[in-house]
Student: 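Structure provided below as structure tokens; questions to follow.
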Amino acid sequence: MQPNQYRDVRLEKLEKLKALGLEVWPRKAQRTHGIAQLAETYTDAETWTNETLEGLGLTVSVMGRVLAIREMGKSVFAHLTENGEKLQAFFRMNDLAEPGWEVLKLLDMGDFVSVTGPLMRTKTGELSVRVKEVQFLSKALLPLPEKWHGLQDKEQRYRQRYLDLISNGEVLKTFRTRSRIVSTVRRFMEDQGYLEVETPMMQPIPGGATARPFTTHHNALDMDLYLRVAPELYLKRLIVGGFEKVFEINRNFRNEGLSVRHNPEFTMMEMYEAGSDLRDMMTLTENLLSTVAREVMGSEQLPWGEQVISYAAPFRRLSMKDAIAEYGCIDRQLLEDEAHIRALAKAVHVEQVDKKTDGMLLGDLFDHHVEKQLIQPTFITDYPIELSPLTKTLEGDDRFVDRFELFIGGMELANAYSELNDPIDQMGRFQAQMDEREAGNDEAMQLDQDFITSLEHGLPPTGGEGIGIDRLVMVLTNSASIRDVILFPLMRPMKPTESEEKD
RNA sequence: GGGCCCAUAGCUCAGUCGGUAGAGCAGCGGCCUUUUAAGCCGUUGGUCGCGCGUUCGAGUCGCGCUGGGCCCA
């Protein structure tokens, strides 16, 4: 076998181009218009007939990657693409300046070229450049995936995302949509008076969420640092410091398994507002999601698999116990009784039931019976205190806290609290977490003494929330896997083959 | 952590009952000066993921490994 059969052929063509005295890797592209710009301006075939286009007397230079070549004897059609838009180039031997025809024979799919000539419309009505000059911008030495089916192999699509983006048009579209979602979210928050801030991604004590952190080491200070699992404790310090409304959009890192909903690094927006509470966060969330759906996706009703999700406010609100009763078809009264909760947990094979409190078991019952069924946006409220060490208790019931999680498409999308601002209470909650840790739960939170100190200086009543941006993009773009909305998802490295090891 | 599925040419995929490897696209050589997955003629290209085993004989059967996908905990 000749593994570089294709590459060798293209290397030969490269030498021939050089022999013609051409610069194959010029420093800048010759270009007067973008392809998208031309395609948009001259899209109307009735106004811009071949005659009117010729009447313009306009000569354009456009650059693009060659994605199709159709040879017709002494004329050739090619499609150039740039930024997801395409434009046809029409080469005729008689039209081309020297050494154009020779150059054209050395053109391969995947090459970047710029073409210069007047705009025209072909017999079949397609806007095209009647090429007088062609210039190489970059010679592709490797072949592209198959033009009709694109790149199908999921592993290769994730490992070589550039090939996925070139050959699968909807992938480029999804990631452009992601960019617009993030920018719309950011603009929405700024319009609400929130200030974007940046807090440490490397933290001496990982806090703000119950999750295993990644560890790293700073050499000069000879200290261990943790990649953050959440920015929460730093953002609250900023509210202590006098900021009224802050938000941060950035990466969190959790040292956990991979799934269609989990990537070890993921993007979260967290926001905190002095003086507000959970109800304010609900309203903000409803407005944010319906606005993004409308402005980016063009509708508040969007497809999710076989279903349609409505992002129209208000979203449904349901307490955790009510949700378990409703979706688990369980008598609501049973959830008021610890013995029954234990029995229900054992019935669905929750592990280590005897070591858990009834609040923890309610969380397990919720995960088992409810989470996947919450397709339409639903705020689940009234979480057990054991699961929520940073949240204020409910008025009149200190076993539950003023927290919601928002579920869409069967996934947790957001998590919000009326933030706990009593430093004495907070210290007690940390103590409980440390006991948990002592008992072997390495996801339990660690004490952050300076955070307690900041609370002792006074945190006003504060509403706070985190929204998972990757999952938001998933539900809005109808993507079944988080890997389809993260450009470079984490992949296990490929083990080199024996022959590669010898090299 | 457990279960199921996938891995064959650069890409997309066939490969029956175990009998010595196929197509389309791409590539290469021709024909063709308005094509749209252009068409037509010819043609190159394979460590069937890796290893071990069963067998006269393995892409195919078994075991293990690697990578990926899906489901469950």
Side-chain angles (χ1 to χ4, degrees), chain A residues 1-13 16 45 49-50 53-54 66-81 86-96 100-101 104-111 117 119-131 140-160 162-164 166-169 256-262 305 345-353 364 367-368 371-372 410 480-484 489-502:
Chain A
M1 171 176 135
Q2 297 158 14
N4 293 324
Q5 173 197 2
Y6 295 89
R7 191 163 177 272
D8 289 344
V9 167
R10 290 181 180 221
L11 282 171
E12 282 173 29
K13 290 179 179 177
K16 286 178 184 168
T49 62
N50 194 37
L53 285 169
E54 281 178 356
V66 176
L67 276 200
I69 301 173
R70 292 180 292 278
E71 276 188 78
M72 279 279 307
K74 295 186 176 55
S75 67
V76 173
F77 296 88
H79 270 127
L80 304 187
T81 67
K86 66 179 185 182
L87 183 65
Q88 184 168 260
F90 178 32
F91 305 85
R92 286 201 303 182
M93 194 165 75
N94 295 351
D95 289 341
L96 278 170
W101 194 248
L104 195 58
K105 286 195 236 167
L106 302 171
L107 189 66
D108 282 306
M109 285 202 276
D111 292 347
L119 283 174
M120 59 167 293
R121 202 168 283 280
T122 62
K123 205 161 76 179
T124 53
E126 180 159 353
L127 185 68
S128 307
V129 178
R130 187 191 298 278
V131 180
L141 298 180
L142 294 172
L144 288 175
E146 210 247 7
K147 62 184 173 187
W148 187 241
H149 300 92
L151 186 62
Q152 294 298 321
D153 184 78
K154 283 199 177 184
E155 181 176 356
Q156 202 178 347
R157 289 179 48 199
Y158 298 142
R159 288 190 193 279
Q160 294 181 279
Y162 43 91
L163 291 180
D164 193 24
I166 292 168
S167 55
N168 299 326
E256 293 164 356
L258 285 68
S259 83
V260 288
R261 291 182 294 279
H262 299 85
K346 282 182 178 163
V348 296
H349 306 108
V350 172
E351 288 176 6
Q352 298 189 304
V353 168
D364 289 329
D367 291 346
H368 184 272
E371 178 166 5
K372 290 218 168 93
S481 170
I482 200 167
R483 291 186 150 184
D484 294 329
L490 184 68
M491 300 289 284
R492 207 184 286 263
M494 291 218 287
K495 199 179 159 191
T497 65
E498 276 181 42
S499 58
E500 282 168 339
E501 275 173 349
K502 283 175 198 156

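Here is how names work: the chains are called A, B, and so on, in the same order as the sequence lines, proteins then strands, and each is numbered from 1.
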Student: From the options B:rU12, B:rG68, B:rC72, select the nucleotide whose nearest atom is closest to the side chain of A:K154.
Tutor: B:rG68
Student: Using a 4.5 Å cut-off on heavy atoms from C-beta on, say whether the side chain of A:D108 contacts that of A:K13.
Tutor: yes
Student: How far, in whole Å, is B:rG24 from B:rG67 if one measures between their C1' atoms?
Tutor: 27 Å
Student: Enumerate all atom pairs, one protein N or O and one N or O from nucleotides 27-32 of chain B, separated by less than 3.5 Å.
Tutor:
{"residue": "B:rC28", "atom": "OP1", "partner": "A:K13", "partner atom": "NZ", "Å": "2.5"}
{"residue": "B:rC32", "atom": "N3", "partner": "A:G73", "partner atom": "N", "Å": "2.9"}

Student: Could you give the CZ-to-P distance, from A:F77 to B:rU33, as a whole number of Å?
Tutor: 12 Å
Student: Are A:L104 and A:M93 side-chain neighbours, meaning at least one heavy-atom pair lies under 4.5 Å?
Tutor: no
Student: Across all strands shown, which nucleotide pairs with B:rC28 by Watson-Crick or G-U wobble geometry, both distances under 3.5 Å?
Tutor: B:rG42
Student: Go through the steps for A:M120 and A:N50 under the test side chain to side chain contact (heavy atoms under 4.5 Å, CB included), then give the verdict.
Tutor: CA-CA 5 Å; A:M120 59 167 293; A:N50 194 37; 3.4 Å; yes
Student: In this structure, how many angstroms lie between the P atom of B:rG68 and the CZ atom of A:R159, rounded?
Tutor: 5 Å
Student: Show the numbers, then the answer: is there a side chain to side chain contact (heavy atoms under 4.5 Å, CB included) between A:I482 and A:V260?
Tutor: CA-CA 5 Å; A:I482 200 167; A:V260 288; over 6 Å; no
Student: Between C1' on B:rG10 and CG on A:D8, what's the gap in Å once rounded to a whole number?
Tutor: 13 Å
Student: Considering every strand shown, what is the Watson-Crick or G-U wobble mate of B:rC61 when both distances are under 3.5 Å?
Tutor: B:rG53
Student: Return the value, rounded to whole Å, for the distance between atom CD of A:E126 and atom C1' of B:rA38.
Tutor: 13 Å
Student: Mind checking if A:H349 touches a base, just sugar-phosphate, or nothing, with heavy atoms under 4.0 Å?
Tutor: sugar-phosphate
Student: Counting only side-chain heavy atoms from C-beta out, which of B:rA73, B:rU12, B:rC70 sits nearest to A:H368?
Tutor: B:rA73
Student: Taking B:rC28 as the reference, what is the distance to B:rA9 when you measure between their C1' atoms (whole Å, please)?
Tutor: 15 Å
Student: Using whole Å, what does the distance between atom P of nucleotide B:rC6 and atom CZ of A:R157 come to?
Tutor: 20 Å
Student: Under 3.5 Å, is there a donor-acceptor pair between the side chain of A:R483 and the main chain of A:L490?
Tutor: yes
Student: Has the side chain of A:S75 got a donor or acceptor atom sitting under 3.5 Å from an opposite partner on the base of B:rU34?
Tutor: no
Student: Check every strand shown and say whether A:F91 touches a base, only sugar-phosphate, or nothing at a heavy-atom separation below 4.0 Å.
Tutor: nothing
Student: Measure CD/A:E155 against C1'/B:rG68 and give the value in whole Å, please.
Tutor: 5 Å
Student: Please measure how far the P atom in B:rU66 lies from the corresponding atom in B:rA23, and state the result in whole Å.
Tutor: 36 Å
Student: Would you compute the distance between atom CD of A:E126 and atom CG of A:L87 and round it to the nearest 0.5 angstrom?
Tutor: 7.5 Å
Student: Within the structure, does a side-chain N or O atom of A:R70 lie under 4.0 Å from either OP1 or OP2 of B:rA38?
Tutor: yes
Student: In the strands shown, is B:rU34 matched to any nucleotide by a Watson-Crick or G-U wobble pair with both distances under 3.5 Å, and which?
Tutor: none
Student: Tell me the interatomic distance from A:R130, atom CZ, to B:rU35, atom P, rounded to whole angstroms.
Tutor: 14 Å
Student: Name the nucleic acid region contacted by A:V76, choosing base, sugar-phosphate or nothing; use a 4.0 angstrom heavy-atom cut-off, strictly under.
Tutor: nothing
Student: Taking B:rC40 as the reference, what is the distance to B:rG22 when you measure between their C1' atoms (whole Å, please)?
Tutor: 22 Å
Student: Nearest whole Å is fine: how far is B:rU8 C1' from A:D153 CG?
Tutor: 13 Å
Student: RNA chain B: A:K86 or A:E351, which has the more 5' nearest nucleotide?
Tutor: A:K86
Student: Say you pick atom C1' in B:rC50 and the same atom in B:rU8; how far apart are they, in whole Å?
Tutor: 15 Å
Student: Measure the CD-CZ distance between A:E12 and A:R7 for me, rounded to the nearest 0.5 Å.
Tutor: 12.5 Å
Student: In whole Å, what separates the P atom of B:rG59 from that of B:rG68?
Tutor: 26 Å
Student: Any idea which of B:rC72, B:rA26, B:rC11 is nearest the A:K147 side chain?
Tutor: B:rA26
Student: From the options B:rG69, B:rG67, B:rG10, select the nucleotide whose nearest atom is closest to the side chain of A:R492.
Tutor: B:rG67
Student: Using the C1' atom on both, measure B:rU16 against B:rC56 and round to a whole Å.
Tutor: 22 Å
Student: Identify the nucleotide, in any strand shown, that forms a Watson-Crick or G-U wobble pair with B:rA73, with both distances under 3.5 Å; if there is none, say none.
Tutor: none
Student: Work out how far the P atom of B:rU43 is from that of B:rU47, and round it to whole angstrom.
Tutor: 22 Å
Student: Give a yes-or-no answer on whether the side chains of A:Y158 and A:D484 include a donor-acceptor pair shorter than 3.5 Å.
Tutor: yes
Student: Can I get a per-line list of side-chain donor-acceptor pairs under 3.5 Å for residues 140-149 of chain A, giving both atom names and the distance, sequence neighbours left out?
Tutor:
{"residue": "A:E146", "atom": "OE1", "partner": "A:W148", "partner atom": "N", "Å": "3.2"}
{"residue": "A:E146", "atom": "OE1", "partner": "A:H149", "partner atom": "N", "Å": "2.7"}
{"residue": "A:E146", "atom": "OE1", "partner": "A:H149", "partner atom": "ND1", "Å": "2.8"}
{"residue": "A:E146", "atom": "OE2", "partner": "A:H149", "partner atom": "ND1", "Å": "3.4"}

